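If you're wondering where the values come from, they're calculated on a predicted model, not measured in any experiment. Along the sequence shown, residues are numbered consecutively beginning with 1.
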Amino acid sequence: KKAPIEIEQAPQDEHPATDTSLQQQVNWILPLCLSHAAAAWGERSWEFGAGLLLLRIHQEAGKDDRALRLTAILVLFECAACSLLSSRIGQAVDSTSFLSSAIVTLAIQNIGIAAAAGFLVFAFYNNEQDNLLLPAGAIACSVVARLASVGSTIAVEKKWVTALSHHHSQHVYGRLDSQELDTANDSSIAVRGDVKLDDHHDETDESVEPEIRVKPQCSILSQVNARLRCIDLTCNLCAPIAVGFLLERTSPADAAISIAAFNALAWPVEVLCLFWIYRRYQNVLSTKEVASVKLNPQQGNGSHAPRMIMCESCMLYYKQIIFRSALALAVLYFSVVSFGTLMTAWFAASGFHAGHLGAARALAALSGMLSTVATPRLVPALGLETAGLGFIWFMWFCILPCSIVSFYASDHVAFLWIIVASVIVSRFGLWGFDLCVTQLLQERIEPPEKIGQVNGTQVALQNAFDALAALSCVLLPNPDTFCYLILGSFGSVTIAALVHLCQWRLESRLMLSTKNS
């Protein structure tokens with residue numbers, strides 16, 4: 001029998017996973033990136049355009065005093081649905097085949113966005129801005145699309161990427177023989193975990209031949225994560241500019257038609273790319289599927305009530321060693337200080353042109369893209385927890401000016417630009433921290449076959465905090481009261497930074513005690 005030892009490849013390894021080697025040896029990255037880019041462009045276009053289109057409906061109906069209400073209701077319903085159903089979606093992804101879960105969720109996501117945009121097109125073309133049934137239909141379809149987006153994110157970005165990166169890591173680095181195991185404590189290899197023996201063997205049994213499993217931490221997986229996040233941010237950069245240009249140069253109806261058409265045409269491209277990968281790596285993905293179903297025989301059979309499933313998922317999430325870091329990332333979602341739907345609508349209500357908002361969001365995306373370059377270089381040197389600590393406190397210092405000047409922003413345009421600049425620079429820290437915690441949620445989930453359920457709970461918690469932020473905007477819909485929401489957002493960033501600091505101190509103590517022993 002073989003007992004596995006997981007090891008982490010250090011940056012001094014003789015087979016570094018550079019960008020060049022990654023492109024030459026991993027032929028699944030390009031189609032994966034194409035599929036992800038098509039899905040991300042459609043989702044980011046709707047995310048940016050939905051708030052502005054709903055705001056335009058309120059303004060044309062002569063309801064400027066409640067201009068943010070429809071937009072806040074959209075965000076609130078999306079977040080509430082995700083917070084209630086994401087754990088169940090994660091379990092469904094765990095118990096469904098890789099290909100089926102990805103294709104179905106992407107189809108629902110694209111069709112939902114196209115239908116939501118179609119409702120708004122009908123409202124604008126027929127001058128029925130006072131008819132609330134059409135915005136309600138758009139909000140309902142957008143909620144369905146958001147739930148499907150949760151499923152596609154877990155299926156592709158968590159399961160596909162982790163399985164394929166781990167397979168490539170084993171293919172490149174191979175298995176170490178017993179002589180290499182004796183040198184596993186040198187500077188080139190960092191050993192993670194202990195030898196896990198079968199119940200019929202003890203630690204003194206010499207018949208157990210150790211097997212080395214190379215974890216892709218800080219190398220292949222971190223670079224793939226960085227590339228996917230770079231695609232997200234590129235879409236955040238370009239899609240708002242395109243939608244803002246359409247809103248400025250054409251009509252709101254034409255902008256909604258463009259969003260719907262792109263999402264309808266993007267789904268075949270997304271599916272073909274994933275099917276190409278699946279056919280060439282079916283042995284890897286099929287093996288993971290069988291293991292997942294065998295280890296989770298009760299998933300998807302309806303034997304548990306939804307409340308029991310939610311409680312089970314929360315307990316599993318709480319027992320994770322990375323619980324504090326994951327919770328810190330979730331707390332950051334209790335914030336309106338971003339170029340999301342709410343703050344975009346607030347800037348528009350304050351007099352910003354749609355084109356200027358698109359350009360500001362593009363600069364924020366560029367700031368975030370810098371973190372995708374810095375994170376794969378900082379993590380091998382500092383570790384995931386330490387790098388994340390630096391990123392989140394950098395974000396805290398950037399958000400600090402927003403909380404100070406927000407009370408005077410309505411009277412001075414210069415203060416509005418200070419808020420814009422602070423949010424743009426803070427994206428470097430936000431996305432760097434997000435990348436660090438994302439990799440923790442990919443590699444340090446116990447048991448590994450529960451990765452979908454744990455990540456579904458993470459999404460649910462993030463959306464619960466996001467829903468609270470949207471609810472606060474529903475209660476305070478006047479743009480003049482948005483300063484209080486900005487102050488609350490600064491408080492959430494402070495709490496998140498302190499929570500992750502606790503995780504970093506815990507990891508530091510564990511490492512120190514391990515060295516002393």
Task: Qualifying residues under side chain to side chain contact (heavy atoms under 4.5 Å, CB included), relative to F245, sequence neighbours excluded - done: R249
Task: Ring geometry between F262 and W41 (parallel below 30°, tilted from 30 to 60°, perpendicular above 60°) - done: tilted
TODO: Would you tell me whether E43 and S149 have side-chain atoms, one donor and one acceptor, within less than 3.5 Å of each other?
DONE: yes
Task: Residues which pass side chain to side chain donor-acceptor pair (under 3.5 Å) with E270, listed by chain and number, not counting sequence neighbours - done: N110
Task: For the student: nearest non-hydrogen atoms of C235 and P240, plus distance - done: O-CD, 3.3 Å
Open item on the list: Just to verify, what does L76 make a side chain to side chain contact (heavy atoms under 4.5 Å, CB included) with, not counting sequence neighbours?
Closed with: A467, A470, L471, V474
Open item on the list: Is it true that S492 and S335 share a donor-acceptor pair across their side chains at a distance under 3.5 Å?
Closed with: no
TODO: For D466, check salt bridge (Lys or Arg N to Asp or Glu O under 4.0 Å) against everything at least two apart and list the hits.
DONE: none
- [ ] To the nearest 0.5 Å, tell me how far M395 CE sits from S426 OG.
- [x] 5.0 Å
Open item on the list: Parallel, tilted or perpendicular, judged at 30° and 60°: which one describes the rings of F490 and W396?
Closed with: tilted
- [ ] Could you tell me which residues satisfy side chain to side chain contact (heavy atoms under 4.5 Å, CB included) with A496, sequence neighbours excluded, listed by chain and number?
- [x] A328, V331, L332, I392
TODO: For S142, check side chain to side chain contact (heavy atoms under 4.5 Å, CB included) against everything at least two apart and list the hits.
DONE: W46, L74, E78, A116
